[in-house]
Trainee: 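Below are the structure tokens for one structure; questions will follow.
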There are 2 protein chains.
Amino acid sequence: MALDDRKRMILQAIVEDYINTAEPVGSRSISKKTDLNLSAATIRNEMGDLEEMGLLVQPHTSAGRVPSTGGYRMYVDSLMEKYEMTAAEIDEMKKAATKKTLELEKIVRDVAAAFSGITGLPVIGVLPGTEASVVKNIKVVKIDSDKAMLIVSDKSGIIKNKLLHLKTDISDAFADDLSKILNENLSGLTISEINLSNIMEVQSVIGKNFEILASVMEMVHEAVLEIDTKQIFIDGLSNIFRFPEYGNVEKVKELFEVVEDKENLSKIIMEASVSTQTKILIGDEIPIPELKNNSVVLSPYRVSENITGILGVLGPARMDYPKIISALEFFTNQLSEALTNDFSDKKNQKLMIGKGDE
Amino acid sequence: MALDDRKRMILQAIVEDYINTAEPVGSRSISKKTDLNLSAATIRNEMGDLEEMGLLVQPHTSAGRVPSTGGYRMYVDSLMEKYEMTAAEIDEMKKAATKKTLELEKIVRDVAAAFSGITGLPVIGVLPGTEASVVKNIKVVKIDSDKAMLIVSDKSGIIKNKLLHLKTDISDAFADDLSKILNENLSGLTISEINLSNIMEVQSVIGKNFEILASVMEMVHEAVLEIDTKQIFIDGLSNIFRFPEYGNVEKVKELFEVVEDKENLSKIIMEASVSTQTKILIGDEIPIPELKNNSVVLSPYRVSENITGILGVLGPARMDYPKIISALEFFTNQLSEALTNDFSDKKNQKLMIGKGDE
DNA sequence: GTTAGCACTCAACAATAGAGAGTGCTAATT
DNA sequence: AATTAGCACTCTCTATTGTTGAGTGCTAAC
């Protein structure tokens, strides 16, 4: 059966109506709401066809229709119209995205929280992984007789640091030497290239002070490993209470249990992390059976060439895709802009997200 | 009316029964379950008295009784027996509390998560505030042409650090000088004593390089302020789904909304932070009306003399107080021990929570 | 002082009926 | 040939009603 123009329009109308009302859509209401000038009976025939094509589903015999995963997919791929944000909305978003913090993690988390507030949806965030960062500078700073801090930075300015507890006292000078040696041997490598054998090598370069070094090196290794793990978080989860589909505790409970497990979140992220543009997972396209009535929209943000994080939303499959997508991409763009500016330019002291036109 | 021994025993039996079943307790079940050898009718009379005294409440005419806030209060203050943990339980807890991380925040969060897992309750945690810490060492480390890191440590080793973005390039030597000056002028003060006028003073000590210094100082000030804010978090919230009292969405929603607002959490914490021992807030003793059917048990942990954090649980008022209290105090003790050891001793490289007898 | 007995109350549950929304099919209309 | 009106049918949802059972308060007997 062919999906002619009329069928497309009817499908679009049904999806959009269902997005708004969360109620199965009947033929009569489509007949009235669209300007197709068709009677309910005609719509009914068409709806029967659309159901046969697998784009609609009927919850029970005497109910209206609801989009299937395929129906939503058709909608987002070729039916929906791009949402144009109003000036007021852009303004509000800019305001929400403006943060004066300077730490990358905080910025991302704050922006994610703001985004959740604006969309009224739970937000998934992934902090930039550092495994692809090229180390530019390593420093060991003595803090106390038994403590030192390891500071690793890369060209774009991402800095991670870790407190080291030392078995033996070291001098300031020794810390400086250590920094120099580490720098000479490890800078230029990516984080993921720094492994134990690598560090051992550095160790063998210096013959003297072997024991002291051994423990420090071990800790450096641990520190680098730890830095390596991507961090996923979710915020604004309680937003799901807005949706009638989460009107009973079982559903809520299920969602919370699924989502509290980071394993699950990374499964979702995996699906999207290959792509460099916005990715939409609808219904059972999400690799977690419990989320089959939900959708996820994910969009990457950039910190530098190959360092990226992800921001996205999670919600019922009947989300307002055009609007969500616009808003999400706006936020990830702003985030990219802010982060690349701030973490590589020399100008800005305070971080301004937005194009600086205010 | 006097609260004689028999009434006390009956009250205790009712509270404990209600804690277990979450169902209003009837006279007949108390008559059977206790070894008082009293008929249901007698118990009924006594229950009538207890209700009159404000210790019990009847949800409706033909229902059993439920403890009132006063009833719970009476129970925790003078009725309940101390819960003795079994060796197996202690073992399990020790295992759960053993962490090899070295960062204070991570340790606390991990222990809190473990505690939530063991008690099956949501956990509230407060990271140690640093406002009372006496600054021992301040360091400015140059990272890049436009970035430096400020590292503040105190005697017990608590270290906070912050990335500074500089307007002007500085030399390594200048960073060293800056560290020296900051140290000479600010070490010995508590964090809360370091304020703007204080920093201005340092600034005036050095005449030259004024402009450069001005911006650095401003950032130092900001950094110190930021360090000052206590951090409250909540974990394991989805545990509340275990309780029948959260069987409908409205209740769950309400709880989530209350608890997501940090303002509310700090209100709760305020109530307890004066005390140096375990504090129990029951029902409407919690300064948040929405939580009137809940209780909070809070216990402080020590990092050093006057630096403390708080760990606690939140749950329905009918929680198993004796057990919760034992477990909570066990955990805060372990935490105190681990943190004071690790953050002041010179011995342990790895952090062992527990008495090291394994 | 304690207990048995009894009338009474009320929530919870199940069964039933009716309304309303929506469908599919058929026959009439354009 | 496509569209539409009409109608019987299906199924959910809501309200109503009756029934059950747990629990109480009171009174009179032990």
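Just the heavy atoms: all of them, side chains too, but no hydrogens, waters or symmetry mates, feed the values below.
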Trainee: How long is the gap from OG on A:Ser299 to CG on A:Leu328, to the nearest 0.5 Å?
Mentor: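 A:Ser299 atom OG to A:Leu328 atom CG measures 4.5 Å (nearest 0.5 Å).
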Trainee: How close or far is atom P of D:dA2 from atom NZ of A:Lys7, stated in whole angstroms?
Mentor: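 Computing the A:Lys7:NZ to D:dA2:P distance gives 11 Å.
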Trainee: Have a look at A:Ala41 and say if it touches a base, only the backbone sugar-phosphate, or nothing, with a 4.0 Å heavy-atom cut-off.
Mentor: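 Base contact.
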Trainee: With a 6.0 Å cut-off on ring centres, are A:Phe256 and B:Phe256 close enough?
Mentor: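 Ring centres of B:Phe256 and A:Phe256 closer than 6.0 Å.
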Trainee: So, does A:Arg6 get its side chain near the phosphate of D:dT3, meaning an N or O under 4.0 Å from OP1 or OP2?
Mentor: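 For D:dT3, OP1/OP2 do have a side-chain N/O of A:Arg6 under 4.0 Å.
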Trainee: What is the distance from CD1 of B:Ile30 to P of D:dA22, rounded to the nearest Å?
Mentor: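 Atom CD1 in B:Ile30 sits about 16 Å away from atom P in D:dA22.
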Trainee: Side-chain donor-acceptor pair under 3.5 Å between A:Tyr321 and A:Glu16, yes or no?
Mentor: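 Distance-only check fails for A:Tyr321 and A:Glu16.
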Trainee: Between A:Arg44 and B:Glu46, who's closer to the 5' end of DNA chain C by nearest nucleotide?
Mentor: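 Closest to the 5' end, via its nearest nucleotide, is B:Glu46.
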Trainee: Pick one: which of B:Lys7, B:Arg44, B:Arg65, B:Arg6 meets salt bridge (charged side-chain N to carboxylate O under 4.0 Å, His left out) with B:Asp49?
Mentor: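 By the salt bridge (charged side-chain N to carboxylate O under 4.0 Å, His left out) criterion, B:Asp49 pairs with just one of B:Lys7, B:Arg44, B:Arg65, B:Arg6: B:Lys7.
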Trainee: Indicate, with a heavy-atom threshold strictly under 4.0 Å, whether B:Thr61 touches base, sugar-phosphate, or nothing.
Mentor: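 The answer is sugar-phosphate, as B:Thr61 gets under 4.0 Å only of primed atoms, P, OP1 or OP2.
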Trainee: Output the rounded distance in Å from CG (B:Asn45) to C1' (D:dT27).
Mentor: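 Distance check: B:Asn45 CG to D:dT27 C1' gives 11 Å.
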Trainee: When you measure only distances, ignoring hydrogens and angles, does the side chain of A:Ser62 come within 3.5 Å of the base of D:dT10 through a donor and an acceptor?
Mentor: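 Such a pair is found, so the answer is yes.
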Trainee: Can we say B:Glu285 and B:Lys292 salt-bridge, meaning some charged N sits less than 4.0 Å from an Asp/Glu carboxylate O?
Mentor: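 Answer for the salt bridge query: no.
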Trainee: What is the 5' to 3' range of DNA chain C, first to last nucleotide, that sits under 4.0 Å from any heavy atom of chain A?
Mentor: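 Nucleotide range in contact with chain A: C:dA21 to C:dG24.
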Trainee: Looking at A:Glu46 and A:Arg8, is any side-chain nitrogen of the basic one under 4.0 Å from a carboxylate oxygen of the acidic one?
Mentor: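 Not counted as a salt bridge, because no side-chain N and carboxylate O are separated by less than 4.0 Å.
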Trainee: Rounded to whole angstroms, how far apart are CD on A:Gln58 and P on D:dT10?
Mentor: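 The distance from CD of A:Gln58 to P of D:dT10 comes to 14 Å, rounded to the nearest Å.
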